[in-house]
Amino acid sequence: MSTQQDNNFQSIIAHAKEYGFVFPSSEIYDGLSAVYDYGPYGSELKKNIRDYWWKSMTQLNDNIVGIDAAIFMHPTTWKASGHVDNFSDPMIDNKDSKKRYRVDHLIEAFAENLTEQGFRDKAENVLQQMDALLAKDDFAGLKKLIDDNKISCSISGTSNWTDIRQFNLMFKTEFGAVASDNPDDNIVYLRPETAQGIFVNFLNVQKTARMKVPFGIAQTGKAFRNEIVARQFIFRMREFEQMEMQFFVRPGTEGEWYKFWKEERLKWHLSLGIDAGKYRYHDHVKLAHYAKEACDIEFEFPIGFKEVEGIHSRSDFDLSQHQLYSKKKQQYFDTDIDPNTGKPYGNYIPYVIETSIGLDRMFLLILSNAYHEETISKEDGTTDSRVVLQINPKIAPIKLAIFPLTKKDGLPEIAKEIFDDCKQDFRCFYEEKDAIGKRYRRQDAIGTPFCITIDHQTKEDKTVTIRYRDTMQQERISIDLIKSKIKESL
RNA sequence: GCGGAAGUAGCUCAAUUGGUAGAGCGAUAGCCUUCCAAGCUAUAGGUUGCGGGUUCGACCCUCGUCUUCCGCUCCA
């Protein structure tokens with residue numbers, strides 16, 4: 001099973017490169033690990049996915065507005081968010097088995113073992129020591145803790161460990177051209193998530209857009225994580241794009257809003273015509289430090305079910321933290337009447353429901369779902385094959401391809417006239433080279449849903465042939481109807 | 001990061017146990033005109049991932065390095 005799927009995944013990657021969707025970054029210099037560029041059709045598709053999300057969030061929800069926050073943020077942002085302390089994991093390797101462990105996982109497993117053997121007090125003691133050492137970033141102390149307890153690797157059974165190393169997942173850079181005596185003064189991070197740009201602007205947005213809770217703030221943008229291992233094509237990249245919406249609600253209502261967005265987001269995915277059977281929810285059991293409830297929307301990629309979007313109930317953690325660190329009140333005054341007291345709800349820090357989807361993952365999802373290698377039986381009994389991307393017309397890179405059947409007899413002139421007219425309204429593609437069948441196949445390969453062909457009959461009755469990508473069926477329609485025909489599918 | 005495998009033209013591959021790189025498809029230009037890729041002609045393209053070493057001579061042997069894939073690991 002996996003072989004077939006892996007092959008399919010390889011085919012998709014190869015197709016993405018060959019047809020100008022995704023290229024390895026700086027490929028002429030051998031590429032940069034886990035960084036990719038989007039090509040002519042890829043950038044169109046990516047933009048269309050982003051636009052479709054943006055429209056469904058901001059335009060179709062009158063209580064959601066968008067922002068575009070900077071990638072650089074004040075360094076304290078990341079202290080408040082917990083990323084400076086928590087977004088890095090001390091790791092240790094066993095020299096014999098070559099296994100790498102997160103230090104906290106290793107020690108926790110050891111403690112669990114002790115508990116099972118009835119040494120509950122000792123286990124507690126070890127965990128307490130670990131927490132104290134982790135809080136101080138005392139790696140030497142942690143190493144000593146491991147050595148003193150003779151904690152061993154479950155594979156090799158030995159305690160032959162490397163030193164503990166820190167892997168900070170945030171990219172650092174220097175801010176300002178002048179070097180400071182204290183290097184820490186100049187450090188800024190490339191944001192590891194876009195969410196904080198929304199949280200720190202919570203009151204700016206609420207006041208200027210005159211929003212009333214419940215309301216949301218949407219944003220798309222790049223984020224950066226220095227992953228230890230980043231692989232699987234564009235699934236896990238070091239530079240990636242998120243589409244996030246933070247929805248601010250009155251405390252006590254977060255449960256129903258979490259449920260609402262959990263369902264709403266899946267509906268969005270299904271609105272692109274993707275098989276519901278390829279989706280599933282994965283509810284988190286072990287929650288992040290800020291979360292009350294969390295789930296992933298997973299999709300069955302060729303490499304298995306993987307997370308494409310997360311819905312998190314984040315309580316008031318983020319706003320409270322920013323209030324604490326900035327010493328600026330992050331309260332909202334709710335004038336709605338509380339039926340229990342007959343008075344306004346008053347001041348509170350709103351709770352947050354987050355929906356966060358990886359744009360690049362969504363792109364891969366669309367590509368994986370759309371990619372089909374088909375065998376076609378021809379009338380003369382022979383077979384033929386084609387690769388077709390069955391991308392929903394709403395987000396297809398090119399909506400309409402326009403072909404004159406031949407290069408002469410005035411057909412190109414008519415075709416170009418139609419092209420010039422249609423390109424005002426949606427992305428079109430014109431081509432007169434090669435046999436018509438070959439041109440159709442090229443459009444299939446990049447997912448163009450409609451092709452029209454201008455032939456000699458066009459000159460007589462002003463009709464053209466429209467050919468549908470998925471069924472390969474064709475019919476004659478009047479030139480006047482082309483635009484409306486395409487538009488109704490978008 | 002560890003272990004395994006791979007890297008020759010845009011793609012798929014070839015090059016007789018080391019003798020200095022070829023084909024099909026694709027691309028481009030032209031001919032042909034025929035509604036589902038394969039009609040004809042011509043043209044362009046590679047210091048064989050990169051860098052050392054061995055050799056008279058390296059795509060081939062060797063070392064290093066980069067990238068990709070698979071497994072492990074990691075994944076707020």
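Chain letters run A, B, ... following the sequence lines, proteins first, then strands; residues in each count from 1.
Summary of the strand contacts: Gly437(A) and Ala34(A) both lie near RNA chain B, and taking for each the nucleotide with the nearest heavy atom, the more 5' one is attributed to Gly437(A). Nearest-nucleotide positions on RNA chain B place Gln474(A) closer to the 5' end than the other of Ser33(A) and Gln474(A).
Computed from coordinates, the Tyr36(A) OH to U67(B) C1' distance equals 9 Å when rounded to whole Å. Distance CD (Gln232(A)) to C1' (C69(B)): 11 Å, rounded to an integer number of Å. The distance between atom NE2 of His456(A) and atom C1' of U34(B), rounded to the nearest whole Å, is 11 Å. Here the P atom of nucleotide C36(B) and the CZ atom of Arg467(A) are 10 Å apart, to the nearest Å. Atoms CD (Glu431(A)) and P (C35(B)) sit 17 Å apart, rounded to a whole Å. Look at NZ on Lys438(A): it is 14 Å from C1' on C32(B), rounded to the nearest Å. In this structure, Asp434(A) atom CG and U34(B) atom P are separated by 16 Å, rounded to whole Å. For the pair Gln321(A) CD and A76(B) C1', the computed distance is 14 Å after rounding to whole Å.
Looking at the side chain of Thr453(A), the nearest of the listed nucleotides C35(B), C36(B), A76(B) is C35(B). When the nucleotides C35(B), U33(B), A76(B) are ranked by their closest atom to the side chain of Thr465(A), C35(B) comes out on top. Checked against A38(B), U33(B), A29(B), the side chain of Lys433(A) finds its nearest nucleotide in A29(B). Closest approach to the Arg442(A) side chain among A27(B), C36(B), C35(B) is made by A27(B) (side chain taken as heavy atoms from C-beta onward). Closest to the side chain of Asp384(A), out of C35(B), C36(B), A76(B), is C36(B). Comparing atom distances between the Tyr440(A) side chain and each of A76(B), C35(B), U33(B) picks out C35(B) as nearest.
The gap from the P atom of A5(B) to that of G45(B) amounts to 37 Å, rounded to the nearest Å. Annotation: U16(B) and A42(B) have their C1' atoms spaced 33 Å apart (nearest Å). Using C1' as the reference atom, U55(B) and C61(B) are 10 Å apart when rounded to the nearest Å. Taking atom P on both C31(B) and C60(B), the two are 45 Å apart, rounded to the nearest angstrom. The C1' atoms of U17(B) and U12(B) are separated by 26 Å, rounded to the nearest whole Å. Spacing between A14(B) and A23(B) at atom P, rounded to whole Å, works out to 16 Å. Atom P of U8(B) sits at a distance of 15 Å from the matching atom of G46(B), rounded to the whole Å. Separating the C1' atom of A9(B) from that of U48(B) is a span of 10 Å, rounded to the nearest Å.
Contact annotation: side chain of Arg386(A) to base of C36(B), donor-acceptor pair absent below 3.5 Å.
Base pairing analysis places A21(B) opposite nothing; no Watson-Crick or G-U wobble pair with both distances below 3.5 Å involves it. Judged by Watson-Crick or G-U wobble contacts below 3.5 Å, the nucleotide U43(B) has A27(B) as its partner. U68(B): Watson-Crick or G-U partner is A5(B), with both key distances under 3.5 Å. The partner of U55(B), taking Watson-Crick or G-U wobble pairs whose two distances both stay under 3.5 Å, does not exist in any strand shown. Within the shown strands, nothing qualifies as a pairing partner of C32(B) under the Watson-Crick or G-U definition with both distances less than 3.5 Å.
At the heavy-atom level, Lys408(A) lies under 4.0 Å from base atoms of the strands shown. In this structure, Asp455(A) reaches the bases: a heavy-atom distance under 4.0 Å links it to at least one base atom across the strands shown. Residue Phe233(A) is in sugar-phosphate contact alone, with no base atom involved, counting any heavy-atom pair closer than 4.0 Å across all strands shown. Residue-level contact check: Leu405(A) touches the bases, meaning some heavy atom is under 4.0 Å from a base atom.
Between His322(A) and Phe199(A), the ring planes lie tilted relative to each other; the angle falls in the 30° to 60° range. The aromatic rings of Phe301(A) and Phe235(A) sit perpendicular to each other, their planes meeting at more than 60°, with 30° as the lower class boundary. Taking the six-membered ring for Trp and thresholds of 30 and 60 degrees, Phe21(A) and Tyr41(A) have ring planes inclined between 30 and 60 degrees apart.
G24(B) takes the anti form, because its glycosidic angle lies more than 90° either side of 0.
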>> Between Gln196(A) and His83(A), does the side chain to side chain donor-acceptor pair (under 3.5 Å) criterion hold? Intermediate values first, please.
In response: CA-CA 11 Å; Gln196(A) 300 306 325; His83(A) 283 82; 4.8 Å; no
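The existence of a salt bridge linking Arg314(A) and Glu244(A) is excluded, since no basic side-chain nitrogen approaches an acidic carboxylate oxygen closer than 4.0 Å. Salt bridge Arg441(A)/Asp434(A): absent, no basic N to carboxylate O contact under 4.0 Å.
In this model, the phosphate group of U33(B) is not approached by any side-chain N or O of Lys407(A) to a distance below 4.0 Å at OP1 or OP2.
Checked by atom type, the side-chain pair Thr448(A)/Gln443(A) shows a donor-acceptor distance below 3.5 Å.
Cation-pi geometry between Arg50(A) and Trp53(A) is not satisfied (NZ or CZ under 6.0 Å from the ring centre, within 45° of the ring normal).
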